[in-house]
Amino acid sequence: MLRIANQNFNSRLLLGSGKFSSPIIMQQAVIASGCKLVTLALKRLQLKKPKDELLAPLRALNIQLLPNTSGAKTAKEAIFVAELAREALQTNWLKLEIHPDPRYLMPDPIETLLAAEQLVKLGFVVLPYCSADPVLCKRLEQAGCAAVMPLGAAIGSNQGLQTRAMLEIIIEQATVPVIIDAGLGAPSHAATAMELGAAAVLVNTAIASSSDPVAMAGAFANAVNAGRTAYLAGLVTPQQQATASSPFTDFLAAL
Amino acid sequence: MHITLNDHLQLLTAETTVSTLLQQQQLPTEGLAVAINNTVLAKRLWPEYQLQPDDNVQLFQIVTGG
């Protein structure tokens with residue numbers, strides 16, 4: 001059971017709601033994934049064509065909605081977006097993300113920490129998207145964040161766990177859930193993250209941009225479960241030399 | 001009186017609340033957030049907040065995102 005703040009979730013897969021071809025495909029993918037936490041974003045409303053077909057399919061699933069602060073370039077902007085999101089969805093849960101650089105979308109560690117400190121004081125349950133930096137993750141935890149969300153690779157890059165060595169240190173040190181966010185392009189990446197001891201993973205592009213998002217959502221769910229089960233079972237240590245699995249006796253020597 | 005609504009000038013009658021404005025615009029309130037003069041207005045205050053001349057009203061909406 002994944003526990004964040006005081007809430008339990010019976011899935012360790014979080015889904016981003018972006019890039020799906022339609023709200024119905026998104027809803028079906030959420031169902032297939034078994035996920036209980038779905039991220040959303042905020043933008044200025046276009047008066048000519050307000051869209052409201054997004055929330056109803058998600059509300060129908062009785063899942064936790066997790067607004068993000070995407071688009072914010074500074075702590076000040078992120079806090080403004082957080083306050084808007086709290087009113088829009090009537091939740092104090094927040095995925096904090098501040099990435100001023102449009103090319104690589106790397107999270108700004110200084111602004112993220114500043115915003116996290118203030119948002120926690122304002123009563124938000126803060127889940128910050130951040131660099132895979134063990135010191136930063138510790139500081140975010142000390143600031144009162146309910147989890148940390150270090151990146152595996154750049155958002156939407158599908159490159160997998162490029163930051164693996166740092167993620168291992170973060171997981172070893174953390175006393176809050178570590179949710180690997182961004183860059184997971186294949187179920188095997190998610191399985192590996194879970195084998196390392198991650199509490200959960202967040203996936204969006206790899207599912208939404210697949211030619212069959214619903215099937216891919218199921219594949220990621222299986223991978224997350226497999227990786228978690230393997231982590232709990234205890235993985236064996238790789239070694240250079242062979243060790244026989246079958247009896248290694250000389251019972252054929254008489255031939 | 002005039003206000004600005006997402007950069008568009010709007011003519012309103014006096015004593016218009018935020019809730020009334022949203023109804024006039026036929027906007028869904030689910031997933032919507034309002035800021036007046038760059039300060040977020042709590043949803044519970046929408047029915048009682050009376051708009052003032054030259055208020056800068058910004059509306060935001062929940063959209064998909066990762």
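Chain A is the first sequence line, chain B the second, and so forth, proteins listed ahead of strands; every chain is numbered from 1. Quick caveat, the model's predicted, so the values are computed rather than measured.
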Asn6(B) and Arg44(A): CA distance, side-chain angles, deciding distance, side chain to side chain contact (heavy atoms under 4.5 Å, CB included) verdict: CA-CA 8 Å; Asn6(B) 281 20; Arg44(A) 256 167 73 105; 3.8 Å; yes
Would you name the heavy atoms of Ala88(A) and Ala33(B) that are closest together and state the gap between them? CB-CB, 4.0 Å
Might you point out which heavy atoms bring Thr39(B) and Phe80(A) nearest each other, and give the distance in Å? N-CE1, 4.5 Å
Please confirm whether the backbone N or O of Gly66(B) pairs with a side-chain atom of Asn68(A), one donor and one acceptor, at under 3.5 Å? yes
Proximal to chain A - members of residues 42-57 of chain B, heavy-atom separation under 4.5 Å: Ala42(B), Lys43(B)
Less than 4.5 Å apart, any side-chain heavy atom of Val34(B) and any of Glu87(A)? no
Sort by residue number and list every member of residues 178-192 of chain A having a non-hydrogen atom under 4.5 Å from chain B. none
Report which part of Leu5(B) has an atom under 4.5 Å of a heavy atom belonging to chain A: side chain, backbone, both, or neither. both
Please report the closest heavy-atom contact between Val63(B) and Lys43(A), naming both atoms and the distance. CG1-CG, 3.6 Å
Using a 4.5 Å cut-off on heavy atoms from C-beta on, say whether the side chain of Leu47(A) contacts that of Gln25(B). yes
Below 4.5 Å, heavy-atom pairs only: which of Asn204(A), Ile155(A), Leu84(A), Leu202(A) has the largest tally toward chain B? Leu84(A)
Which residue is it: Leu58(A), Leu45(A), Leu40(A), Leu65(A)? I am looking for the one with a side chain to side chain contact (heavy atoms under 4.5 Å, CB included) to Ile62(B). Leu40(A)
How many angstroms lie between CD in Gln61(B) and CG in Leu42(A), if you round to the nearest 0.5 Å? 8.5 Å
What pairs with Asn158(A) under side chain to side chain contact (heavy atoms under 4.5 Å, CB included), at least two apart in sequence or on another chain? Thr205(A), Ala206(A)
Within residues 95-102 of chain A, residues adjacent to chain B where the heavy-atom gap is under 4.5 Å: Lys95(A), Glu97(A)
Shortest non-hydrogen pair, Leu55(A) vs Gly31(B), comes out as CD1-CA, 3.5 Å
Arg86(A) portion near chain B, given a 4.5 angstrom heavy-atom threshold: neither
